[in-house]
Amino acid sequence: MYNFSLHQRISRICTQEKLSLSGDDLQFYTRLCSNATAIDSLYQSLYSNHLMADALFEKLLLTLIHNHQNRSAALRKRDLDKASKGAWFLSNEIAGMSLYVDRFCGTLKQLPEKLSYLESLGVNFLHLMPVFESPEGESDGGYAVSNFRKVDERFGTLEHLRIVQQKMLDKNMYLMLDIVLNHTSHHHEWAVKAKKGDPIYQEYFYMYDDRTIPDQFDATMPEIFPETAPGSFTWCKEANKWVMTVFHQYQWDLNYTNPAVLIDMLDTILFYANLGIDILRIDAPAFIWKQLGTTCQNLPQAHDILRLIRQCVQVSAPGMALLGEAIVAPKEIMKYFGTDLYTARECDVAYNATQMALQWDALATGDTRVMLAAQQDLLQKPYGCTWISYTRCHDDIGLGFEDSSIAAAGFNAYEHRKFLKDYYSGVHPGSPASGALFSVNPKTQDARISGSLASLCGLEKALESKNTSLIDIAVKKILLMQAQSFFVGGIPMLFYGDEAAYTNDYSYLNDPGKSYDNRWMHRPLINWEKNQKTTEVGTIEHRIFSGTQKLLKLRKQLPVTADHKNIHWITPHNIHVSGFIRSLGDEHLYCLFNYSNKAAYLTWYAFKEQGFGIKNLYDHWNEKRHLVGADYEYLIVEPYSFCLLETVV
Ligand code: GLC
């Protein structure tokens, strides 16, 4: 819709800011004008009642212009290259790893030396865990930021980060960093000013003189860390006020009802974009809008803010995609891709936390029916958006799938979840897993699970018992879990250490800044002598590394695995085996995963049922040819193994 006065205003500001009407500036101007109506209407819907709304809107427009002006020629070129590829992040040629720079290799300066290790694995996309300044001991792994523009000295400098980005760009690798949008450290300059009583900065947070409003909020807000940080408010003695702290007491929630907060954070987002970030991970977006009487999660205004950010990024840094880190119920996750007019126009990427948890469910139970039942929600993802597909990350595993999916598989939801928690915390008799419960809520008994991929798959106990057949089973389980997540659609995201068989690390218990948070058990300190073993045939490290490498290589070779919303779940008539077909034109890839400790005998019926008659199939994983046979012949999938069958002539 054309809005005359808005366009007049834009034209005036652009002239004042000396934008030329040619080349890149003209392209920027065109993008600004074509997105202006949406930006304005989203802004008005959030802030029209705010006293400073109009003056701050001018600041928003200036923020877009200045950040366009600061974008380097190289990044502008990369924007154009990406635009020519459409939704570039759907590609099957991107595979990522998430890592802590200090724990992986020491500092940013040392990171470039490790890029060849990552390339040899098949990784060309890095998620660097937060590197901006964060007070030691009160850092939440870097998610309590005290300065959004200064790299923490532990990691190096902004210049080192720029060098890493340049080296990655030279190798055509992609970079992801976080914007911690929901909160700052209480040592951030804004919080420090608020503590000193500055009213402007007290408006940047939620601060109250007494418990009246905090009590009302607490009545409906779920606790995130009930064991270590109960409630959602902390007493600030310097300011003599209660301050909202949804996560830890040292993480102060930003007040997005104040447009000044949004615009300052938008400026930071675009500053990050201009560092050359390809995908921006928006940390905890579900929490950014608070309203009395609600859970303060997934509110419509949180989506409006994300939409507004998306439109603004589109204007000033069009090549940067957005990942919404919303670890919420499947129906809610879907909304982060946008709804109504904004379908596929909110976040480009989201974590498929549901599928991740469903795989852990299937591994513990040996039953894939809950996974299948839950797909009806996940299949609603709009075209043009994609998942981060993963088995482990730096966080805990939440069993966030719906009770109705558990019931559809014939189980009692409470008992089922209890079994999973007992199984992975190792309490269940005979459980091979070594993990721990995280954030147990004493009131509801809700809990999540910590533990590394290898330990949860049984490698830790198998190594302790020196039992080679148990070690073999653990290795198979690790590759099974990775395989399904790499082929189910979305960008595979490995967690560092998982490619080299790292089991839990309990040394965090000796560090007072970490001991209260058992997620540190699965955030390993890399020992490069151990990683060197990934090249020694016969070692466990080599078996896992080479298996992972083979899977990533296959995925890159098979365009059918790009995320074109081309997944079709099948039932292989065996509850222990999950299966789906990825299709593109005449290409079909049948993916079958056996979650049981017994071989699965599958008739060809499931294949014929899909309309495929006599066909040759080539199993890329087991390197075997099959002919879809008569119904008395079987395809045998070994225990904890899988097949990746492509139709061939
Ligand atoms: C995200 C991060 C998590 C952190 C939280 C608070 O969920 O992944 O590690 O604790 O945000 O910032």
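In each ligand, atom 1 is the first atom listed, and ligand 1 is the first ligand listed. Quick caveat: nothing in here was measured; it's all calculated off a predicted structure.
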Review point. Got the residues with a heavy atom under 4.0 Å of ligand 1, by chain and number?
Key: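 The 4.0 Å shell around ligand 1 contains D140, Y143, H183, F225, F247, Q251, R281, D283, E325, H394, D395, R519.
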
Exercise for review: Please list all pairs passing the salt bridge (charged side-chain N to carboxylate O under 4.0 Å, His left out) test where one or both residues lie in residues 485-497, with sequence neighbours left out.
Suggested key: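 Not a single pair qualifies under salt bridge (charged side-chain N to carboxylate O under 4.0 Å, His left out).
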
Parallel, tilted or perpendicular: which one describes the rings of [X] and [Y], with boundaries at 30° and 60°?
X: Y496; Y: Y100; answer: perpendicular
X: Y47; Y: W289; answer: tilted
X: Y351; Y: Y390; answer: perpendicular
X: F132; Y: Y272; answer: parallel

Exercise for review: Would you check, one step at a time, whether the test ring-ring contact (aromatic ring centres under 6.0 Å, His included) holds for Y208 with W242?
Suggested key: CA-CA 5 Å; Y208 304 97; W242 288 97; over 10 Å; no

